[in-house]
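A short worksheet on the structure shown next.
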There are 2 protein chains.
Amino acid sequence: MNPTGLFPESLCPIARSLDLLGQKWSLMIVREAVGGATRFADFRAIGIPSDILTKRLISLVDAGVLEKHPYQAPGERARDEYVLSPAGRALLPVLSAFVEWGTEYLPIPAGRTLESVTADTGERVQLAYITEDGTVVDQDRVTITTIQAE
Amino acid sequence: MNPTGLFPESLCPIARSLDLLGQKWSLMIVREAVGGATRFADFRAIGIPSDILTKRLISLVDAGVLEKHPYQAPGERARDEYVLSPAGRALLPVLSAFVEWGTEYLPIPAGRTLESVTADTGERVQLAYITEDGTVVDQDRVTITTIQAE
DNA sequence: CATGCTAGCTTTGAAAATCCAAGCGAGATA
DNA sequence: TATCTCGCTTGGATTTTCAAAGCTAGCATG
């Protein structure tokens with residue numbers, strides 16, 4: 001485990017992911033997209049400078065995290081909307097992990113403000129580790145390890 | 001969902017987490033600590049500039065992610081080692097989520113290089129969403145939502 | 001004592017990233 | 001035509017990161 005983190009070809013998937021998603025505002029954009037934001041102004045509202053937002057949207061579209069669709073509302077000019085791709089949706093566990101960690105270890109007086117739920121029933125869910133046969137494993141038993149070259 | 005991301009008191013736990021962990025190299029340091037790195041030179045080996053590493057170690061210790069212990073090997077001067085705190089260990093799902101996402105969506109010719117396993121048995125595990133009673137839920141059904149103020 | 005070694009920083013200046021504020025352009029409407 | 005508004009674009013300031021060199025302190029050795 002000794003990658004440079006400077007090239008997308010890094011051997012480490014964490015480093016590769018952070019190369020794309022580690023710049024300021026990128027994951028916040030994904031978070032907003034999960035929450036239903038699609039238009040430039042939606043994302044802009046989180047406080048990101050517009051030139052940075054432009055750059056991040058291009059980068060996330062290029063990487064396949066967001067998809068850009070032209071649309072035109074009646075009476076308005078043609079614009080683009082940005083929606084999560086399947087790869088973008090697959091970032092949900094990353095966001096959920098930050099929600100759970102931030103809620104527990106960086107608490108605020110307002111308490112819990114976000115949570116992961118099933119969209120259809122609104123049932124609360126949380127992340128856990130499971131084995132191949134679906135058995136839940138205690139997180140204290142888990143580590144991350146290098147796969148031996150075969 | 002409209003936080004500024006500029007203050008640790010942000011209402012959004014993702015924003016709060018990213019305020020601490022979103023700076024370049026922070027999560028890579030946590031990753032190295034998970035892999036057993038404890039000393040300055042261990043972390044330095046991933047390619048992080050030494051002044052940045054110094055700053056990040058201080059920040060992660062201040063935030064309670066890492067704990068700094070003085071130690072002295074025979075024949076060497078007093079030094080510090082940095083080990084994961086419980087809060088640091090609780091970041092494992094964040095790292096695992098990046099491992100899984102990067103492995104699948106940013107593949108490299110070398111294929112899979114990292115995985116999450118049980119430390120005692122080496123059994124492969126992965127992240128999943130579970131309900132309160134431990135039932136595994138399909139990720140496609142999950143979203144992240146704001147908790148209504150009570 | 002002096003000297004050497006090395007790890008963990010510290011410093012300096014350059015490069016890159018982010019930010020702020022203003023401006024521009026294009027498409028719609030009147 | 002003029003006006004409005006949204007999605008950028010621009011210019012300069014500020015902050016962050018980087019590379020390279022240097023410094024310091026504690027250990028060992030002679």
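Chain naming here is simple, since letters A, B, ... match the order of the sequence lines and numbering starts at 1 in each. Note: hydrogens, waters and symmetry copies are ignored here, and every other heavy atom, side chains too, is used.
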Quiz item: How far does CZ of B/R44 sit from CD of B/E32, to the nearest 0.5 angstrom?
Solution: 13.0 Å

Self-check item: Pairwise distance CD1(A/I130) to CZ(B/R124) - rounded to 0.5 angstrom
Solution: 10.5 Å

Would you mind reading off the distance between [X] atom [atom1] and [N] atom [atom2], rounded to a whole angstrom?
X: A/K55; N: C/dC20; atom1: NZ; atom2: C1'; answer: 14 Å
X: B/I48; N: D/dA19; atom1: CD1; atom2: C1'; answer: 14 Å
X: B/R44; N: C/dG8; atom1: CZ; atom2: C1'; answer: 10 Å
X: B/F43; N: C/dC9; atom1: CZ; atom2: P; answer: 12 Å
X: A/R56; N: D/dG7; atom1: CZ; atom2: P; answer: 19 Å
X: A/K24; N: C/dC20; atom1: NZ; atom2: C1'; answer: 13 Å
X: B/Q23; N: C/dA17; atom1: CD; atom2: C1'; answer: 13 Å
X: B/D80; N: C/dG8; atom1: CG; atom2: P; answer: 9 Å

Quiz item: Taking protein heavy atoms under 4.0 Å as touching, what does nucleotides 24-30 of chain C look like 5' to 3' if B marks base contact, S marks sugar-phosphate-only contact and - marks none?
Solution: -BBSSS-

Quiz item: Using a heavy-atom distance cut-off of less than 4.0 Å, which residues of residues 61-68 of chain B contact DNA chain C?
Solution: none

Quiz item: How is B/Y71 classified with respect to the nucleic acid when contacts are heavy atoms under 4.0 Å: base, sugar-phosphate, or nothing?
Solution: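 Here B/Y71 touches no strand at all.
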
I'd like to check the side chain to side chain donor-acceptor pair (under 3.5 Å) partners of [X]; sequence neighbours left out, ordered by chain and number.
X: A/S116; value: A/S96
X: B/Q23; value: none
X: B/E76; value: B/R79
X: A/D120; value: B/R141

By salt bridge (Lys or Arg N to Asp or Glu O under 4.0 Å), which residues pair with [X], not counting sequence neighbours?
X: B/E100; value: none
X: B/R39; value: none
X: B/R77; value: none

Practice problem: Would you tell me if any nitrogen or oxygen in the side chain of A/R39 comes within less than 4.0 Å of OP1 or OP2 on D/dC6? | Solution: no

Quiz item: Quick one: is A/R79 getting a side-chain N or O under 4.0 Å of the D/dC8 phosphate, OP1 or OP2?
Solution: no

Could you give the side-chain donor-acceptor pairs of residues 53-65 of chain A under 3.5 Å, partners two or more places apart or in another chain?
residue: A/T54; atom: OG1; partner: A/S50; partner atom: O; Å: 2.9
residue: A/R56; atom: NE; partner: A/K24; partner atom: O; Å: 2.9
residue: A/R56; atom: NH2; partner: A/K24; partner atom: O; Å: 3.2

Quiz item: Which of the following nucleotides, C/dG8, C/dT18, D/dT17, is nearest to the side chain of A/I52?
Solution: C/dT18

Quiz item: Which of the following nucleotides, D/dC18, D/dC8, D/dG7, is nearest to the side chain of B/W25?
Solution: D/dC18

Practice problem: For A/V83 and A/H69, run side chain to side chain contact (heavy atoms under 4.5 Å, CB included): C-alpha distance rounded to whole Å, both residues' side-chain angles, the deciding distance at 0.1 Å, then the answer. | Solution: CA-CA 8 Å; A/V83 299; A/H69 304 305; 3.5 Å; yes

Under 3.5 Å between N/O atoms: give me all the protein pairs with nucleotides 9-15 of chain D, atom names plus distance.
residue: D/dT9; atom: O4; partner: A/S50; partner atom: OG; Å: 2.9

Quiz item: Hey, what else clusters with A/V117 if you join Ile, Leu, Val, Met, Phe, Trp, Tyr whenever side-chain heavy atoms sit under 4.5 Å?
Solution: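 Result for A/V117 is none, singleton.
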
